[in-house]
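Positions are given from 1, in the same order as the sequence printed here.
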Amino acid sequence: MKALELFFKQKGLTPYFGIAYNLNGLQEVKYWDQEGEIYVIKEIPLDLDEGIHTFKVENNQITKVRK
């Protein structure tokens with residue numbers, strides 16, 4: 001999830017959790033902050049793997065949420 005960490009750091013953003021989409025023409029990051037505000041960015045890190053990635057922030061690092 002280093003690509004997402006760098007992406008947010010470069011933009012000066014601090015997500016709490018979110019979803020990154022990189023598939024079939026859908027390329028966006030949707031995330032929530034600590035207050036529950038939702039944000040949508042219509043771009044993704046260039047090196048983000050294809051797929052849907054759910055993530056959260058733990059100890060100032062973005063980690064993948066797995067079920």
Run K56 and I62 through side chain to side chain contact (heavy atoms under 4.5 Å, CB included) and show every step you take. CA-CA 6 Å; K56 63 182 176 178; I62 293 179; over 6 Å; no
Rounded to the nearest 0.5 Å, how far apart are CG of L6 and CG of L48? 12.0 Å
If I take atom CD from residue E5 and atom CE from residue M1, how far apart are they, to the nearest 0.5 angstrom? 8.5 Å
Let me see the working for I41 and L13 under side chain to side chain contact (heavy atoms under 4.5 Å, CB included), right down to the final yes or no. CA-CA 11 Å; I41 302 171; L13 303 172; 3.6 Å; yes
With no hydrogens and no angle check, is any side-chain donor or acceptor of T54 less than 3.5 Å from a backbone partner on I19? no
For the student: nearest non-hydrogen atoms of P45 and A3, plus distance: CG-O, 3.6 Å
Pair E43-E28, side chain to side chain contact (heavy atoms under 4.5 Å, CB included): steps then yes or no: CA-CA 5 Å; E43 63 180 292; E28 72 177 29; over 6 Å; no
Are Q27 and N22 linked by a side-chain donor-acceptor pair shorter than 3.5 Å? yes
Tell me the closest heavy-atom pair linking V57 and P15, and the distance in Å. CG2-O, 3.1 Å
Do F7 and Y16 belong to the same hydrophobic cluster, where Ile, Leu, Val, Met, Phe, Trp and Tyr are linked whenever their side-chain heavy atoms lie under 4.5 Å apart, directly or via other members? no
Within the distance-only criterion (no hydrogens, no angle test), does the side chain of N59 pair as donor or acceptor with the backbone N or O of Q61 below 3.5 angstrom? no
Audit row: F55, V29, side chain to side chain contact (heavy atoms under 4.5 Å, CB included) steps and yes/no: CA-CA 11 Å; F55 62 90; V29 177; 4.3 Å; yes
Counting only heavy atoms not in I38, do more than 12 fall under 6.0 Å of its CD1? yes
Between Y21 and Y39, is there shared hydrophobic-cluster membership here, with clusters defined by ILVMFWY side-chain heavy atoms closer than 4.5 Å? no
Establish, yes or no, whether a centroid distance under 6.0 Å links the rings of F17 and W32. yes
